[in-house]
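What you see below is based on every heavy atom in this structure, not just the backbone, and it leaves out hydrogens, waters and symmetry mates.
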Amino acid sequence: MAFLLASLSAQGVDQRSKGMRVLYVDSYHPEYESSRIKNAAAREILTAAGVNLRFLYMDTKRNSSPTFGREAGARAWGEIKSWDPSLLIAADDAAIKYLVEPHLRDAALPIVFIGVNADASVYGLPYSNTTGQVEVDPIDTLLGVLARYTDGRRIGLLTGDTATDRKTVYHYTNSNGIAFHRVRFVDRFDEWKRAFVELQDEVDVLVLRNHGGIAEWDFVEAEVFALENTRVPTGSPVSPMAPVVMIGATKAEAELGRYAASTALKVLGGVSPATIPISENQEAEFYLHAGIAQRLGIVFPPSLLRQAKVVRGP
Amino acid sequence: MRLQTRVNLIFLAILLAAIGAMVFVGSAVIEEIIFELKTELMREQLDHVEEGIRSDYKALERHGLLGISSYREVAQRETLERFAGFRFGETGAVYIIGSRRNVLFPKNGAGRTVPAWVAPLVEESERGEASGVFRGLGRLWVHARFQPWEWVLSISIEESEILARRDLFILQVSLIGIVVLIGAWIAGIALSRTLTQRIDATLRCVQEVERGNLAARVPVSSTSDELGQLQIGVNAMTGTLAARIRDQESAEQALRTSEARYRRLYQSMWEAYASTDMKGCIQDFNQQLCDLIGYDRDELLHLNTDQITPDRWHDLERRIVEDQVRERGYSDIFEKELRCKDGAVIPVELRIYLLTDDQGEGVGMWAIIRDITERKRDAEELHRHREHLEELVAQRTEALESANRELEAFAYSVSHDLRTPLRGIDGFSQALLEDYGELIDAQGKNYLLRIRNGAQFMAVLIDDLLGLSRVGRWELEPNRVNLSALATDIVDGLRHEQPNRLVHCEITPELYAYCDPTLMRQALYNLLQNAWKFTGGKKEAIIEFGEFNGESGRGIFVRDNGAGFDMRYADRLFQPFQRLHSEESFSGTGIGLATVDRVIHRHGGALWAEGEVGKGATFFFVLPERMEKTISNYTREVIVAGERQ
């Protein structure tokens with residue numbers, strides 16, 4: 001029924017948005033898995049509605065310097081001026097930071113943003129011409145599943161030492177109310193490995209948030225290392241870390257793309273962005289590492305297996 | 001047994017039968033429905049259970065974990081835990097049997113051997129349902145087999161739980177039935193008592209009527225039910241019966257009165273009356289018949305009609321009876337004779353009528369007979385007077401014709417004799433003018449000329465009178481006459497007399513008539529000369545002679561466009577000496593058209609005229625049919641002759 005209503009709604013919008021120009025500015029590159037899933041979901045809906053859709057990638061994942069970011073933002077601004085779109089979709093933080101905030105704050109062009117990590121207020125959002133969705137890690141869901149496999153309550157967190165990770169951990173603590181027993185930010189791979197072993201002596205559950213900012217990071221070695229050294233249930237809220245942890249509960253990238261597209265159609269249909277409140281992503285995707293679970297003597301039940309992807313290990 | 005008791009027992013039997021049938025059929029139907037619904041519900045539940053197990057199995061299969069025993073065991077354990085809170089009714093039970101026929105679910109039975117009622121299911125089909133008795137309790141169960149794990153899934157429920165609804169229904173219906181039965185019993189007693197009282201009253205009334213008391217009536221207490229309608233009907237029927245009896249008595253009285261009246265009528269009428277059977281035997285009659293033929297009453301009752309009718313009338317009378325009386329119920333009035341007792345024969349006229357029964361079959365005849373002896377005698381006397389009168393008329397006609405001939409001869413003689421002195425007057429007046437004209441002054445000459453004119457006019461008048469007289473005396477010698485040739489000859493003569501006149505004459509050729517040629521020439525001359533004279537003032541005079549075919553038949557007309565006449569005076573046209581124009585305008589004696597009229601009437605024809613002052617006149621005449629036929633036949637003969645040529 002919901003799908004039917006959504007289809008009908010899309011049909012209604014379809015007539016008004018047909019042929020209108022929408023520029024989708026992605027902070028990263030097309031091959032980036034997160035971008036690929038989000039963009040595909042958005043493309044499917046907007047194309048079906050007859051929107052004239054154009055993608056522009058800022059490639060700041062592979063080029064993280066502020067200078068590159070500003071240049072990418074300027075290129076995107078130039079594209080907006082020359083193509084004159086009816087709406088802008090800005091995906092992830094860089095697009096906000098280098099394009100929307102400096103060039104389009106409270107402008108006439110309506111903007112739908114997605115993938116802004118944890119707290120949109122750092123960019124002064126929302127503006128009068130924006131609405132969007134803040135990207136939050138499904139950390140509560142992850143800890144809820146991990147709690148099934150331990151009797152203890154001590155939670156540890158290990159992650160790269162980046163501004164995003166620190167901001168996220170801050171958000172976990174203040175917004176989600178999670179009391180971490182131990183938190184370690186590392187910037188090298190060997191340091192990560194040592195911390196991984198040490199933290200398991202002090203906590204009952206270990207969250208490995210991300211590998212960003214960790215120099216010499218090697219996924220294959222990290223997975224082998226984790227497989228050989230995991231002694232407590234481990235989990236991660238980001239999908240790249242799924243091969244390293246027993247359970248991954250990550251945000252559903254497609255949800256972000258679907259949100260961006262459906263909200264863009266509403267705005268194109270005449271709804272003011274300022275009247276649409278900023279929301280958070282709700283769905284989660286599970287990754288289960290059968291090898292690490294086996295090492296811990298854990299067997300996943302069918303109720304979890306039915307909604308998860310299973311990582312078999314190296 | 002009293003009717004009331006009988007009705008009560010019937011009520012009771014019907015109610016018991018109805019309640020019993022309702023309980024029996026209702027419980028059977030409800031039991032079947034409940035069993036079907038329950039089975040269906042259990043099957044759905046079992047499908048739901050199986051679907052849950054299959055979903056778990058698929059999850060393992062999808063992730064390639066089926067081969068890992070620990071995953072399988074966890075999956076199976078989780079599956080079984082999921083059914084921990086499963087309830088199905090009050091006595092419902094879910095059993096999941098493992099591949100070793102061990103009970104996997106419910107948990108409290110885990111490890112025990114399977115119940116006896118479950119055991120056969122392990123060996124039986126993939127899925128199905130059955131019922132049976134286990135530990136003295138009937139159970140209904142459905143089962144399905146989950147082959148990958150070699151599990152048998154079963155849901156069962158005690159039949160007593162299922163049938164509880166049926167038993168409740170039976171209890172409810174029974175209670176309601178008892179209440180209804182008691183109520184109906186009481187109502188039935190009251191109703192039957194009321195009914196029987198009313199029936200008794202009706203019966204008493206009918207018995208009263210049977211005893212002849214037609215004034216008896218049933219007291220009607222209610223008109224809304226059948227019994228009330230029946231009582232009203234009985235009262236109405238009794239009333240109708242009484243009225244009919246009164247009517248019948250009145251009708252019989254009226255019939256007796258009528259019969260007496262009619263008997264007085266036919267006994268007192270002048271004519272004789274008699275009725276017979278179909279063989280003619282006399283059965284009834286009035287005194288006039290006795291008086292007419294002299295038989296007394298007893299004698300007539302032993303006679304038939306042939307015995308009082310002369311033999312020569314028997315055949316005629318039989319034909320009349322067969323052809324008229326039997327066919328249409330009565331005869332025409334006819335005459336015959338009756339033979340009196342003293343042998344005298346008297347003429348009578350009569351009409352016979354047929355008497356019929358209810359099916360219309362003839363059962364007798366009756367007739368009114370009138371003595372016509374006086375009438376016959378009068379008729380013979382009249383006949384004799386008529387013959388004498390005709391003889392007298394012939395004698396008188398002969399005398400009249402003789403006198404007429406003498407008168408005409410006298411008139412002819414007088415006219416003829418008058419011509420001589422007239423010629424003398426005219427001749428001597430002419431001689432006086434020629435020989436002594438110089439001695440006579442102008443006035444004297446004028447007198448002499450007027451004397452001559454008067455003498456000449458008188459001569460003409462005498463000629464015309466002689467002509468008219470000749471027509472009356474002329475002996476007709478009819479022959480075929482070509483009227484067209486006669487008309488042409490007459491017109492040629494007129495043209496010769498007045499060659500300076502321009503007259504256009506149209507004469508239809510070949511018109512023939514069967515007539516006397518001399519008289520017809522005279523008539524046509526007078527008509528054509530008349531037309532010639534009265535067209536004298538026309539520059540373009542037209543005279544037509546032709547044939548017409550009008551309402552009076554075929555005939556001849558003569559038409560002109562001359563002075564015409566006023567139709568108001570048309571009846572004077574053919575009277576002698578009648579003139580419609582002055583002498584100064586048109587000369588004449590006034591005898592011509594009278595002569596034409598006499599000629600046509602001598603031939604038995606008719607003559608008439610139509611005209612309008614200043615526009616002309618048309619004279620028509622027709623000759624009798626014989627003449628007309630002659631004209632037509634002769635015309636055809638001419639045509640045939642022409643074709644032959």
Return yes when atom CD of A:Glu44 has more than 12 non-hydrogen atoms of other residues, nucleotides or ligands closer than 6.0 Å, and no otherwise. no
CD (B:Glu158) with more than 12 external heavy atoms under 6.0 Å: yes
Atom of B:Tyr71, atom of A:Ala293 and distance for their closest heavy-atom approach: OH-CB, 4.4 Å
Of all the residues in residues 55-69 of chain B, which have a heavy atom that comes within less than 4.5 Å of a heavy atom in chain A? B:Ser55, B:Asp56, B:Ala59, B:Leu60, B:Arg62, B:His63, B:Gly64, B:Leu65
In terms of heavy-atom contacts, does CD of B:Glu90 have more than 12 from other residues, nucleotides or ligands at under 6.0 Å? no
Any residue of residues 38-51 of chain B which, by heavy atoms, sits under 4.5 Å from chain A: none
Take A:Phe300 and B:Val74, measure what side chain to side chain contact (heavy atoms under 4.5 Å, CB included) needs, and give me the verdict at the end. CA-CA 8 Å; A:Phe300 297 120; B:Val74 167; over 6 Å; no
Do other residues, nucleotides or ligands put more than 12 heavy atoms under 6.0 Å from the CZ atom of A:Phe219? yes
Between A:Gln307 and chain B, with a heavy-atom cut-off of 4.5 Å, which part of the residue counts as in contact: side chain, backbone, both or neither? backbone
